[in-house]
Structure formats: structure tokens, C-alpha cells
Asker: 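So that we are looking at the same thing, I have put the structure below in C-alpha cells.
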There are 2 protein chains.
Amino acid sequence: MARLPVYLRALHALQDRGVATVSSEELASAAGVNSAKLRKDLSHLGSYGTRGVGYEVEYLVYQISRELGLTQDWVVAIIGVGNLGRALAGYGGFASRGFRVAGLLDADEQIVGQEISGLTVRHIDRLEDVIGEHGVSIAVIATPAAAAQGVCDRVVAAGVTSVLNFAPVVLTVPEWVDVRKVDLSIELQILAFHEQRKAGGPDGAPRLDATPAALGGAPPEPVQYVEAAE
Amino acid sequence: MARLPVYLRALHALQDRGVATVSSEELASAAGVNSAKLRKDLSHLGSYGTRGVGYEVEYLVYQISRELGLTQDWVVAIIGVGNLGRALAGYGGFASRGFRVAGLLDADEQIVGQEISGLTVRHIDRLEDVIGEHGVSIAVIATPAAAAQGVCDRVVAAGVTSVLNFAPVVLTVPEWVDVRKVDLSIELQILAFHEQRKAGGPDGAPRLDATPAALGGAPPEPVQYVEAAE
DNA sequence: GCGACTTTGTGCGTGTATTCACAAAGGCTT
DNA sequence: AAGCCTTTGTGAATACACGCACAAAGTCGC
């Protein structure tokens with residue numbers, strides 16, 4: 001399930017606070033989900049709780065990590081070292097969960113050779129070498145949209161079977177390859193949609209879940225929706 | 001629906017290629033979804049297709065933009081100008097869809113005053129001023145985890161009703177505030193989970209959904225996750 | 001050792017999402 | 001103008017996710 005990482009994070013937070021045992025109610029609250037759902041999720045991996053007491057934090061951390069495959073190292077390459085690629089390279093949340101960034105690649109000669117977060121950026125021409133040398137199994141694509149599919153084809157040909165795509169395109173891959181997409185502007189668009197709903201829909205329909213709170217909101221200016229390539 | 005932004009992107013790509021009309025089958029394929037689902041989604045906003053022909057791209061773009069609230073400007077503030085905040089500030093996908101970044105804020109004196117993507121970073125102490133002056137309605141939180149809840153409380157108190165959270169914590173907000181979370185490491189963990197499944201579960205159990213044969217492609221070699229020695 | 005209390009694990013009803021399949025509707029050709 | 005062909009829009013069947021509520025199971029106090 002896609003919620004396990006969230007539980008895992010909450011459990012780590014509890015561990016840091018020295019909590020040894022936790023009930024489904026508490027953990028669900030910390031993770032922001034329903035307690036029955038949490039119990040059902042956990043029971044799907046086996047019975048790791050003690051009735052009347054709860055779950056032992058450390059044991060649960062281990063079981064979830066094991067289920068997610070975090071008890072082994074995953075070797076990652078980041079392709080595209082722009083602003084986003086740099087942010088990803090320096091993101092501490094990777095290393096602490098068993099993800100090791102083994103390569104940074106870019107097509108820009110200005111960037112190739114730079115040292116970022118302890119790694120030297122290599123030229124995209126060496127993509128296959130880097131993947132082979134380090135046994136990369138997960139590729140992170142942070143290139144411009146136009147380059148993404150080409151890069152994707154190459155990493156797949158080189159043996160990568162999981163791709164995390166930050167470029168705003170739908171990637172086409174063979175069936176045995178998994179792709180997950182993170183799209184920053186889509187998230188904002190979804191927020192805008194809900195924001196608009198709060199203020200009354202586009203057709204002026206009365207808002208269904210109006211809040212009593214006073215909104216010091218922005219007077220929305222009439223606008224054109226200009227489109228630009230990315 | 002959360003899929004509308006994906007359709008919108010696909011439509012924009014078609015527009016750039018000069019395509020005037022598109023069938024549900026083509027658009028669904030470009031967006032990576034089932035065509036019946038796409039038609040049902042679109043019919044939910046009204047009947048904008050022509051039977052026997054398809055949908056007029058430009059008209060559909062307008063209707064979806066309108067539904068999503070992209071025909072008006074949304075004013076955004078980015079709090080936390082680390083690597084990620086910088087990447088977000090420079091991300092072209094925002095401006096092109098009606099999102100205007102009106103403020104960059106950080107607590108680090110070293111960063112305050114820097115000019116990034118045409119904006120001067122201001123001190124977090126001025127958060128309420130910036131929100132009020134520009135009529136910010138969406139806040140993007142790109143701070144360290146420890147600071148996120150505090151910042152969130154402040155932006156909410158200042159009148160913001162939508163929050164896009166990049167910090168790895170579950171934010172607590174009043175019921176009238178929408179929060180969306182983007183978690184980079186969670187995406188990688190989900191990939192690792194599937195990757196592990198392909199190779200046989202954590203207990204070595206045979207994979208249940210193994211693909212018997214790959215049509216028109218090289219079958220994946222039996223994968224091993226060797227610890228890469230350097 | 002026993003009973004009361006707490007908490008898990010899950011059966012079940014409900015609502016929602018997804019997909020199939022087809023009739024209705026429009027264009028296009030002759 | 002009439003019939004054929006394409007594609008939409010949607011009824012119906014299916015699958016899935018969610019959450020309530022409760023019995024089973026274990027702990028803790030006495």
C-alpha cells in the first residue's frame with residue numbers, strides 16, 4: 001500500500017521521542033488516517049500487534065521497512081542537474097532510508113564536472129556506464145520535458161526498471177518498468193480547484209461547504225490563461 | 001477530479017502540435033488513462049464533444065481551465081528558500097498556468113536579501129506582511145520538517161486557505177484549509193516496494209503478478225541487487 | 001487466579017471508482 | 001436524401017476502498 005511510508009515516518013518520529021509502544025488510534029492520528037484503515041493495512045502484512053496493548057514501535061518499523069524493501073540498499077541515479085536535480089541530490093530523506101545516489105548526470109557542459117553533494121556531475125553520454133558501474137536500479141528524471149522520454153528510453157535499455165519522473169510528460173515504458181510521476185504544477189492546480197470551490201464554482205454555484213471564517217482573500221483579477229512550453 | 005490537470009497538459013501538447021480536434025481514444029492514450037474514464041470525466045463537466053468527430057482541443061482546454069480555476073490568477077508565496085525552494089521559484093510550470101509567485105521567505109539571514117528568479121528573499125518575520133500585501137491565497141512550504149507546522153499555523157492565521165507542503169510532516173490545519181503533501185522520499189519508497197516485488201517478495205515468495213511473457217520486447221533479465229562496490 | 005478493561009483484527013454494509021458495452025447522435029459519402 | 005461509419009455519452013456490472021462496529025484476545029489490577 002502507498003500509505004506504508006507515511007506510517008513509517010510517523011513511527012520514526014515516535015522512535016525519536018523514545019516511545020516503545022503505540023496504539024492504532026495514536027498512530028493513525030499521527031499519520032492522518034482512520035484507525036480502522038491503519039489496522040487493516042497493518043494486518044495485511046501479518047499480525048504484529050498485541051491486543052490490549054498496541055504495536056511495538058521498533059518491531060513495526062522493522063516489518064514495514066522489510067515490506068517496503070528498505071532493508072536493502074537501492075542505488076539511484078539523478079539525470080538532470082538543474083535546480084530540482086540539485087535539490088534532490090542534497091535531500092537527506094534519501095540516504096536515511098536506504099537510497100544511495102550513485103550518479104548525477106547532465107547534458108550541459110557548464111554543469112558537467114561540478115561537484116554537488118559530494119558527487120561529480122558526469123556527462124549524459126556516460127549514462128549507460130554510470131548505470132552499469134554502480135548497478136543503478138532506480139532512475140530519477142529531472143530533465144526538461146523535451147528530453148525526458150529520450151533519457152527514459154536509455155535508462156530502460158540500460159536495465160533500470162523503476163523511474164521517478166519529475167518532468168511534466170507522460171512517459172511511455174515497457175510493461176515491466178514502473179514509473180511514478182511527481183508533478184509540482186498539478187498539485188498546485190488541484191489546490192486551485194478546491195480554492196475556487198470554496199469561493200463558489202466557475203458557474204457561480206453556491207459553495208457547498210462554506211466556512212464561517214472571514215476570508216481576507218485576494219480579489220481575483222480577470223485573467224487569460226496563457227500557455228507556454230516548459 | 002485530480003486527473004483534469006493531466007488531461008490539460010496533454011491537450012496543451014496537442015495544441016502545440018497544431019492539432020485542432022482529438023478523439024477520446026487518442027487523448028486517453030496521451031494521458032495514460034482508459035478512454036471510457038476520460039469520457040466520463042469530461043461528460044461530468046458538460047457535453048463538449050461531437051459524436052463521430054471528437055473534442056475540439058481549444059474549447060476543451062478552455063473548459064478544463066475554467067473548471068480548475070486557472071482562468072484567474074493565484075498568488076503564491078514560497079516559504080523556505082533552500083535548494084527545493086529555489087527550484088520551485090524557478091519552475092516555469094507555475095507562471096504558465098496562472099500561478100504567480102509573489103513572495104519568497106526564509107529565516108536564514110544569509111539568504112534574506114538574495115535575489116532569486118527576479119524576487120528578493122524576505123525575512124520570515126515579514127510573513128504576514130507579504131501575505132497581506134499581495135493577497136496570497138496559496139502557501140508553499142519548503143522548510144525543514146521542524147519548522148513546517150509553525151510556519152503553517154502562521155500562514156493560516158494570516159488568511160491562507162491552501163497549503164502545498166513539501167516538508168516531511170503531517171500538518172494539522174483547521175477544517176477549512178486544504179493541504180496537499182508532496183513527499184519525495186515516499187515516492188521512492190513506493191518504487192522500491194514494487195521493485196522488490198518484481199524480484200520476489202521480502203520473504204522470497206514467488207511474485208504473484210509476474211508477467212508470463214513480454215510482447216515485443218526484451219524480457220527483463222533476472223535482476224540482482226548487488227551491493228555496488230567502488 | 002479471575003474479572004474487567006483495553007485494543008486488535010475483521011465481517012459487513014455502504015458508497016465510490018472503473019470498466020465494458022452499446023444505443024444515440026452526428027458527420028460523410030454517394 | 002439516405003445509409004454507413006465513427007465517436008460520444010451513459011446504463012449496468014464489477015471491483016475496490018472506506019469505516020463502523022463488534023467479537024476475540026490479551027493485559028492489568030486486585
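Keep in mind it's a predicted model, so treat the numbers as computed, not measured. Naming convention: chains lettered A, B, ... in sequence-line order (proteins, then strands); numbering from 1 in each chain.
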Asker: Using only side-chain N and O atoms of A:Ser24, determine if any of them is under 4.0 Å from OP1 or OP2 of C:dT8.
Answerer: yes
Asker: Restricting to salt bridge (charged side-chain N to carboxylate O under 4.0 Å, His left out), what partner residues turn up for B:Arg180, sequence neighbours left out?
Answerer: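 Expected list: A:Glu187.
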Asker: Given atom CD of A:Glu56 and atom P of D:dT27, what is their separation to the nearest angstrom?
Answerer: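 Answer to the nearest Å: 13 Å.
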Asker: Sequence neighbours excluded, which residues qualify as salt bridge (charged side-chain N to carboxylate O under 4.0 Å, His left out) partners of A:Glu26?
Answerer: none
Asker: Quick one: CH2 on A:Trp74 to CD on B:Gln196, what's the gap to the nearest 0.5 Å?
Answerer: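 Nearest 0.5 Å value for the CH2-CD distance: 6.0 Å.
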Asker: Do you know the tightest heavy-atom contact between A:Ala139 and A:Val160?
Answerer: N-CG1, 3.8 Å
Asker: Which pairs, protein N/O on one side and nucleotides 25-30 of chain C N/O on the other, fall under 3.5 Å?
Answerer:
unit_1: C:dA25; atom_1: O4'; unit_2: B:Arg51; atom_2: NH1; d: 3.4

Asker: Within the structure, does a side-chain N or O atom of A:Tyr55 lie under 4.0 Å from either OP1 or OP2 of D:dG26?
Answerer: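 The answer is no; no side-chain N or O of A:Tyr55 sits under 4.0 Å from OP1 or OP2.
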Asker: Please give, in whole Å, the distance from D:dG9 P to B:Tyr48 OH?
Answerer: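 Rounded to the whole Å, the gap is 11 Å.
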Asker: Is there side-chain contact between A:Val169 and A:Gln149, with heavy atoms separated by less than 4.5 Å?
Answerer: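 No, every pair of side-chain atoms sits at 4.5 Å or beyond.
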Asker: Got a sec, which residues hit salt bridge (charged side-chain N to carboxylate O under 4.0 Å, His left out) with A:Arg154, two or more places apart in sequence or on another chain?
Answerer: A:Glu128
Asker: Are there any protein N/O atoms within less than 3.5 Å of an N/O atom in nucleotides 19-22 of chain D, and if so, which ones and at what distance?
Answerer:
unit_1: D:dG19; atom_1: O6; unit_2: A:Lys40; atom_2: NZ; d: 2.5
unit_1: D:dC20; atom_1: OP2; unit_2: A:Asn34; atom_2: ND2; d: 3.4
unit_1: D:dA21; atom_1: N6; unit_2: A:Arg39; atom_2: NH2; d: 3.2

Asker: Are OP1 or OP2 of D:dT7 and a side-chain N or O of B:Ser23 less than 4.0 angstrom apart?
Answerer: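 No, outside the criterion.
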Asker: Run the ring pair (Phe, Tyr, Trp, His ring centres under 6.0 Å) check on B:Tyr48 and B:Tyr55 step by step: do they pass?
Answerer: CA-CA 7 Å; B:Tyr48 299 131; B:Tyr55 300 88; 8.6 Å; no
Asker: For A:Asn34, enumerate each residue passing the side-chain hydrogen bond (donor to acceptor under 3.5 Å, both in side chains) test, keeping only those at least two apart in sequence or located in another chain.
Answerer: none
